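Chain naming here is simple, since letters A, B, ... match the order of the sequence lines and numbering starts at 1 in each. Small disclaimer: the values here were computed from a predicted structure and weren't measured.
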2 protein chains.
Amino acid sequence: MVHAETWAELALERLRRESGRSGTARREVVELLGRHDCCVSALELHDALRARGSRVGIASVYRTLEGLDRSGLVERVDLGDGIARFEPARGDEHHHHHFLCDDCGKVEPFADPALEAALERLAGGSGFAVDAHDVVLRGACGDCRAPVT
Amino acid sequence: MVHAETWAELALERLRRESGRSGTARREVVELLGRHDCCVSALELHDALRARGSRVGIASVYRTLEGLDRSGLVERVDLGDGIARFEPARGDEHHHHHFLCDDCGKVEPFADPALEAALERLAGGSGFAVDAHDVVLRGACGDCRAPVT
DNA sequence: CCAGCCGATGAGAACGGGTATCATTATCGC
DNA sequence: GCGATAATGATACCCGTTCTCATCGGCTGG
């Protein structure tokens, strides 16, 4: 990239270009989300912002996330618990999937070239135009699998 | 298997053993679900049963599905649209994942040994005790990818 | 076969994440 | 600054799922 811009700066500029306006809520949400590597829920973002004194409404959080999603700036992650999570889309080199601990709810990212290759081949050989894929592994994490002595 | 029992018969017997009772609603739900190869939602099951004159309540549908899930008799499938779907767990030879068309909502099952192998290896090499995995491919199906001339 | 116990059931209320509405606020071009 | 208009925040609403509770009905001891 020519400019050493952060994801947050890129995202804000992109959103701004689409409507011609900017706003405080949007900026706060994007900047906070930009500090995350892995998925966060809308409520977590909202709570964190309110906790630091922001007055953003939950609606603005969702609106911002929707806009980012429309522009492909975030990945929408569904871990199967009915809560939508989001993470900055930083490109292939950061592409990853998630492990979810059924016991403590911990989320752990992982990446695997062989898995991606298999998915790639699958997408190519199918009759579909695949443009996204989700993989979620579920089980017990290191802490939770330990014998409860 | 020694007895040529259907999945529905096995499931009903298992549920019965756990509580010592049986009931009409449960039987209707299990028998209908047993006729499906791929995922169905609770509402779809409920609607189908009511349409044929059954008086089952939606709560019984959910209760039955929860019991089946606890016993590992169904797979819970999450396609990311906020609706929980279920399909009979018939063992490894029927194991599959899903393609979801973003346009028309069509769901298509698929199976791929290489994908399973990659997931298997991943699960083994991680610090987690993985006991389930979900894979969802999203995009446009054959019908929807056609050029809109 | 009958009575009674207790799990199963169904109706509807409650819950919760996500969306829609709307009056107000704040940004941008002038 | 001024006006047009997008952005914002509070809140009502939607809908899938869960909870509650009075009732029903299958099972067991007699």
Side-chain angles (χ1 to χ4, degrees), chain A residues 11-33 39-71 74 76-86 105 107, chain B residues 11-33 39-71 74 76-86 105 107:
Chain A
L12 279 175
E13 188 184 322
R14 190 91 72 90
L15 289 181
R16 182 155 185 268
R17 207 174 296 157
E18 285 183 5
S19 67
R21 294 284 175 87
S22 73
T24 313
R26 201 148 75 180
R27 186 172 56 252
E28 290 179 334
V29 171
V30 169
E31 285 181 351
L32 178 54
L33 181 56
C39 49
V40 214
S41 71
L43 192 59
E44 285 169 344
L45 290 171
H46 184 246
D47 287 351
L49 290 173
R50 302 289 281 214
R52 68 171 66 162
S54 167
R55 305 186 51 67
V56 284
I58 187 69
S60 290
V61 177
Y62 280 111
R63 270 187 298 246
T64 302
L65 291 171
E66 188 202 333
L68 291 169
D69 191 28
R70 260 204 320 272
S71 299
V74 292
R76 193 184 283 258
V77 176
D78 182 354
L79 298 180
D81 58 356
I83 298 174
R85 291 153 209 267
F86 303 83
V107 177
Chain B
L12 278 174
E13 189 184 321
R14 190 92 72 88
L15 289 180
R16 181 155 186 267
R17 206 175 298 158
E18 285 182 6
S19 68
R21 293 286 173 87
S22 72
T24 314
R26 200 147 77 181
R27 187 173 56 253
E28 290 178 335
V29 171
V30 170
E31 285 180 351
L32 178 54
L33 181 56
C39 48
V40 215
S41 71
L43 192 58
E44 285 169 344
L45 290 171
H46 183 246
D47 286 351
L49 290 173
R50 302 288 282 214
R52 69 171 66 164
S54 167
R55 305 188 49 69
V56 283
I58 188 69
S60 290
V61 177
Y62 280 109
R63 271 186 298 246
T64 302
L65 291 171
E66 189 201 333
L68 291 170
D69 190 29
R70 260 204 319 274
S71 299
V74 291
R76 192 183 284 257
V77 177
D78 182 353
L79 298 180
D81 58 357
I83 298 175
R85 290 153 210 269
F86 303 83
V107 177

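The CD1-P distance, from I83(B) to dT18(D), rounds to 13 Å in whole Å. Spacing between atom OH of Y62(A) and atom P of dT8(D) amounts to 16 Å, rounded to whole angstrom units. As a whole-Å value, the separation of L68(A) CG from dA7(D) P is 13 Å. Atom CZ in R85(B) sits roughly 11 Å away from atom P in dG16(D) (whole-Å rounding).
The side chain to side chain donor-acceptor pair (under 3.5 Å) check on S71(A) picks up E18(A), with sequence neighbours excluded. Applying the side chain to side chain contact (heavy atoms under 4.5 Å, CB included) test to D47(A) and every residue at least two apart in sequence or in another chain returns L43(A). Partners of E66(A) according to the salt bridge (Lys or Arg N to Asp or Glu O under 4.0 Å) rule, which considers only residues two or more places apart in sequence or in another chain, are R70(A). Residues satisfying the side chain to side chain contact (heavy atoms under 4.5 Å, CB included) criterion with S60(B), sequence neighbours excluded, are A25(B), R63(B). In this view, E13(A) and E5(A), R17(A) satisfy the side chain to side chain contact (heavy atoms under 4.5 Å, CB included) rule, not counting sequence neighbours. Residues satisfying the side chain to side chain contact (heavy atoms under 4.5 Å, CB included) criterion with R55(A), sequence neighbours excluded, are absent altogether.
Looking at every heavy atom in both residues, G80(B) comes nearest to D78(A) through CA-OD2, 2.9 Å. Of all non-hydrogen atoms in A11(B) and V30(B), the two that sit nearest each other are CB-CG1, 3.9 Å. Pairing each heavy atom of I58(A) with each of A42(A), the nearest pair is CD1-O, 4.1 Å.
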* Asked: What string of B, S and - do you get for nucleotides 23-30 of chain D, 5' to 3', when a contact is any protein heavy atom under 4.0 Å?
  -> --BBS---
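Between A84(A) and S19(B), the residue whose closest nucleotide on DNA chain C is further toward the 5' end is S19(B).
For the salt bridge (charged side-chain N to carboxylate O under 4.0 Å, His left out) condition, no pair includes a residue of residues 22-31 of chain A, sequence neighbours left out.
Taking the screw axis at each terminus of the helix from dC1(C)-dG30(D) to dC30(C)-dG1(D) from five consecutive base pairs, the angle between the two is 30° to within rounding of 10 degrees.
V56(B) is not listed as a side-chain neighbour of L45(B), based on a closest heavy-atom distance of 4.5 Å or more. The shortest side-chain heavy-atom distance between L68(A) and L33(A) falls under the 4.5 Å cut-off.
Of all nucleotides in DNA chain C having an atom under 4.0 Å from a heavy atom of chain A, the first and last in 5' to 3' order are dG17(C) to dC28(C).
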Atom pairs, N/O to N/O, protein against nucleotides 10-14 of chain D, distance under 3.5 Å?
from: dA10(D); atom 1: OP2; to: R50(A); atom 2: NH1; distance (Å): 3.4

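Of the options V40(B), L79(B), L65(B), a side chain to side chain contact (heavy atoms under 4.5 Å, CB included) to R85(B) is made by L79(B) and by none of the others.
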